[in-house]
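The figures that follow rest on heavy atoms only: side chains count, while hydrogens, waters and symmetry mates do not.
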Amino acid sequence: HKEFLATQWEERIATFMPNATVGRIKQNTVQVEGRNIVIAMIQSVSMHDYPPGTFDGFGLVAVDEAHCVSEWGHDFRPDYLELRRIRREFPSVPIMALTATADARVVADVSATLALRRDAFSWTASFNRPRLRYEVRPKTSKPKAIEQIAAHVRAHADESGLVYCLSRRDCEVVCEALGKQLGARARVAYYHAELDADERERRQRRWSRGEIKLIVATLAFGMGVNKPDVRYVFHFSMPKSLANYYQESGRAGRDGLGALCVLFFAWKDRAIHQAMITDKTGRRGGAPKSQAAVDAELAALRAMTRFAADRARCRRAIVLEYFGERDFDPAAGCGGLCDNCADGRPVESRDLAEHAARIVRLLDAVGAAADTDRPVATRLSLADAYRGANTAATRKLRVAGRPEFGAGRSLGKDAVDDLVGRLVCENVLAEASVTIGIEGKFAADYVSAGTRADEFRRADAPEFCVSVRTGRRRAAAAPRPAPP
């Protein structure tokens with residue numbers, strides 16, 4: 001790439017980067033093929049922040065984290081749309097767009113938004129990160145997940161790592177709990193947008209220097225950070241898309257050595273993301289979006305949920321397929337560096353369509369028995385009713401006399417909970433946040449019939465196949481060493 005820089009462009013490059021202080025311009029000089037090239041990092045995407053003449057003489061404008069330009073990207077930022085002015089105001093200056101997380105749709109949208117030339121040079125690398133080991137673990141409770149993180153940090157005290165959380169509160173709670181479990185010598189700090197800018201920068205620098213070993217952060221942390229020796233990344237909650245997961249887990253192992261990426265999965269996290277994506281009130285911090293953008297985010301959430309719930313396919317293959325790489329061979333390219341490939345137990349596909357149909361009928365019965373028009377069953381209370389649990393929540397549903405009540409008892413609690421979650425994910429059921437309580441100050445997630453429910457009310461219901469592992473898990477073996 002240095003040769004390409006040296007032969008194609010002039011000696012001044014402007015690079016737009018997000019998450020930095022507005023109005024500052026940092027310059028650096030690098031030598032490429034014997035020529036001095038001045039790189040000016042422009043830390044605000046608003047062209048109004050720079051006086052006339054700021055960009056005179058530049059031979060190239062590079063837009064980093066270019067997926068932020070696209071409404072279809074996983075981290076769309078409306079202020080990035082101001083970069084459209086670059087082409088209008090500097091029609092002869094080449095533009096370079098750089099991103100590590102963009103599918104074909106995002107690439108096309110970024111190219112159109114920035115008015116990249118049709119004959120523009122394009123270079124794409126594989127999305128495979130062969131040194132990373134991927135694991136998904138059930139998040140049965142927050143304390144148990146924290147215990148697992150603490151155990152790993154304790155066993156790798158001299159290594160640097162990250163824990164990503166969904167909310168600012170979770171950051172602080174998880175950080176405090178880890179501090180208590182790890183003791184007085186714990187080198188852990190949290191990071192989120194409510195910290196002032198100077199404190200955020202101070203914590204990031206201390207972590208980069210190794211003075212802090214673990215950062216517990218929201219997704220506000222990491223963009224533009226290139227610490228090479230991150231040995232583990234834990235996701236305390238599921239991200240909203242595979243693009244987010246790929247970018248955040250990809251902060252590990254940038255020095256080319258091995259690293260561990262663990263995702264804790266609970267169906268509740270899917271519901272939280274859906275509520276934030278579809279929120280139009282601003283109560284959950286939602287920003288105005290087009291319906292097309294909402295639909296795209298929900299589709300991305302569905303793909304992320306399928307990844308987390310999958311217990312058979314190679315994790316790496318699923319991620320690569322999401323980004324359009326469909327020729328990946330798990331046997332040759334993963335070699336046990338994900339939990340599914342390392343499992344070793346046979347995989348069996350089971351058609352659970354009859355159970356799905358019974359759950360839909362049970363939900364219909366719940367609605368018929370209710371004395372209100374609003375949904376009254378939560379995902380968990382519906383699952384408990386299907387396996388016949390006699391609890392206060394199931395008694396409120398008033399369906400104990402129905403034949404579907406307890407029809408899933410033979411499946412077991414975990415399997416029924418998983419099936420109901422999958423039915424929500426595949427739109428057979430719908431889960432929505434409903435405000436309750438005085439003045440609507442509280443929200444709860446309730447289930448109702450989804451857009452595909454009618455398919456399972458018919459006698460000729462389609463298949464609903466779930467891949468499950470059978471037999472005993474084999475003893476853990478050392479995974480194949482990743483290629484250099």
Would you call R137 and F265 a side-chain contact if the rule is heavy atoms closer than 4.5 Å?
-> no
Greater than 12 external heavy atoms within 6.0 Å of D373's CG | no
Give a yes or no on whether the backbone of C465 and the side-chain of S349 come within a donor-acceptor separation of less than 3.5 Å.
-> no
Distance in Å, C171 SG paired with E176 CD, rounded so as to fall on 0.5 Å steps | 13.0 Å
State whether K144 and E147 are salt-bridged, where the test is any N-O pair (Lys NZ or Arg NE/NH1/NH2 against Asp/Glu carboxylate O) under 4.0 Å.
-> no
Gap separating the CG atom of L132 from the CG atom of L260, nearest 0.5 angstrom = 9.5 Å
Using a distance-only test with no angle check, is there a side-chain donor-acceptor pair under 3.5 angstrom linking E172 and H192?
-> yes
Indicate yes or no: at least one non-hydrogen side-chain atom of V466 is less than 4.5 angstrom from one of R350.
-> no
Considering only heavy atoms from C-beta outward, does the side chain of L397 approach that of F405 to under 4.5 Å?
-> no
Are the ring centres of F234 and H152 closer than 6.0 Å?
-> yes
Hey, is the main chain of H67 close enough, under 3.5 Å, to the side chain of S70 for a donor-acceptor pair?
-> no
Could you please spell out the steps behind the salt bridge (Lys or Arg N to Asp or Glu O under 4.0 Å) verdict for R358 and E404?
-> CA-CA 6 Å; R358 289 171 182 163; E404 296 85 6; over 6 Å; no
Without swapping roles, check the side chain of R131 against the backbone of R254 for a donor-acceptor pair under 3.5 Å.
-> no
Any donor-acceptor N/O pair, R200 side chain to L195 backbone, under 3.5 Å | yes
Just checking, any donor-acceptor pair under 3.5 angstrom between side chains of R395 and N390?
-> yes
Do the side-chain N and O atoms of S241 and N244 include a donor-acceptor pair separated by under 3.5 angstrom?
-> yes
For the pair W207 (side chain) and G161 (backbone), establish whether a donor and an acceptor sit closer than 3.5 Å, ignoring hydrogens and angles.
-> yes
Can you list the steps and then say if E82 with R84 is a salt bridge (Lys or Arg N to Asp or Glu O under 4.0 Å)?
-> CA-CA 5 Å; E82 287 211 40; R84 290 179 293 193; over 6 Å; no
Does the side chain of E159 reach to within under 4.5 Å of the side chain of K213, using non-hydrogen atoms?
-> no
Nearest 0.5 Å, what's the CE-CG distance between M304 and L242?
-> 5.0 Å
Can I359 and L429 be said to form a side chain to side chain contact (heavy atoms under 4.5 Å, CB included), step by step?
-> CA-CA 9 Å; I359 290 172; L429 304 179; 4.2 Å; yes
Looking at V163 and F236, what are the two nearest heavy atoms and their distance?
-> CG1-CB, 4.2 Å
Check the pair R251, Y164 against side-chain hydrogen bond (donor to acceptor under 3.5 Å, both in side chains), reporting the backbone distance first and the verdict last.
-> CA-CA 11 Å; R251 311 221 186 274; Y164 278 105; 2.9 Å; yes
Cation over ring face, R315 and F307, 6.0 Å, 45° = yes
Should the pair R345-D343 be classified as a salt bridge under the 4.0 Å nitrogen-to-oxygen rule?
-> yes
T99 and E65 side chains, donor-acceptor separation under 3.5 Å | no
Does R105 come within less than 4.0 Å of D109, counting only side-chain N to carboxylate O?
-> no
For the pair E426 and R302, find out whether any cationic side-chain nitrogen is under 4.0 Å from an anionic carboxylate oxygen.
-> no
Would you check if L263 and P239 make a side-chain contact, meaning some heavy-atom pair closer than 4.5 Å?
-> yes
Please report the C-alpha distance between R379 and D445 in whole Å, then the side-chain angles of each, then the deciding distance to 0.1 Å, and finally whether the side chain to side chain contact (heavy atoms under 4.5 Å, CB included) criterion is met.
-> CA-CA 8 Å; R379 178 176 43 80; D445 297 313; over 6 Å; no
R422 and D418: salt bridge (Lys or Arg N to Asp or Glu O under 4.0 Å), yes or no, with the steps?
-> CA-CA 6 Å; R422 290 175 186 273; D418 182 73; 2.5 Å; yes
What's the verdict on side-chain hydrogen bond (donor to acceptor under 3.5 Å, both in side chains) for N340 and R311, showing C-alpha distance, side-chain angles and the deciding distance?
-> CA-CA 6 Å; N340 284 345; R311 292 188 291 273; over 6 Å; no
Centroid-to-centroid, H235 to Y245, below 6.0 Å?
-> yes
Residue pair S249, Y134: steps toward the side chain to side chain contact (heavy atoms under 4.5 Å, CB included) verdict | CA-CA 9 Å; S249 61; Y134 297 107; 4.0 Å; yes
Going through the checks in order, is the side chain to side chain contact (heavy atoms under 4.5 Å, CB included) test met by V294 and L298?
-> CA-CA 6 Å; V294 170; L298 290 175; 4.1 Å; yes
Would you confirm whether R231, through its side chain, and G258, through its main-chain N or O, come within 3.5 Å as a donor-acceptor pair?
-> yes
Nearest heavy-atom pair of I95 and V63: which atoms, and what distance?
-> CG2-CG2, 4.5 Å
Please report the shortest heavy-atom distance between C334 and F328, naming the atom on each side.
-> N-CZ, 3.8 Å
Given salt bridge (Lys or Arg N to Asp or Glu O under 4.0 Å), test K413 with D417 step by step and report yes or no.
-> CA-CA 6 Å; K413 183 181 187 309; D417 289 348; 2.7 Å; yes
Answer yes when R469 and E348 have at least one side-chain N-carboxylate O distance shorter than 4.0 Å, and no when they do not.
-> no
Y80 side, atom OH; T113 side, atom OG1 - distance, nearest 0.5 Å = 13.0 Å
Check whether the ring centres of Y322 and Y246 lie less than 6.0 Å apart, and answer yes or no.
-> no
E297-Q274 side chain donor-acceptor pair, cut-off 3.5 Å = no
Crowding at NZ, K227 (>12 non-hydrogen neighbours, <6.0 Å) | yes
Should K139 and S237 be marked as a side-chain hydrogen bond (donor to acceptor under 3.5 Å, both in side chains) after you check the CA-CA gap, both sets of side-chain angles, and the distance that decides it?
-> CA-CA 8 Å; K139 186 166 65 175; S237 300; 3.2 Å; yes
From R154 CZ over to Q181 CD, what is the distance, rounded to the nearest 0.5 angstrom?
-> 6.5 Å
Give a yes or no on this: more than 12 heavy atoms of other residues, nucleotides or ligands lie within 6.0 Å of atom CZ of R457.
-> yes
Is any NZ, NE, NH1 or NH2 atom of the basic residue among K142 and D170 found under 4.0 Å from an Asp or Glu carboxylate oxygen of the other?
-> yes
Any side-chain heavy-atom pair from F264 and D269 closer than 4.5 angstrom?
-> no
How many angstroms lie between CD1 in I318 and CZ in R316, if you round to the nearest 0.5 Å?
-> 11.5 Å
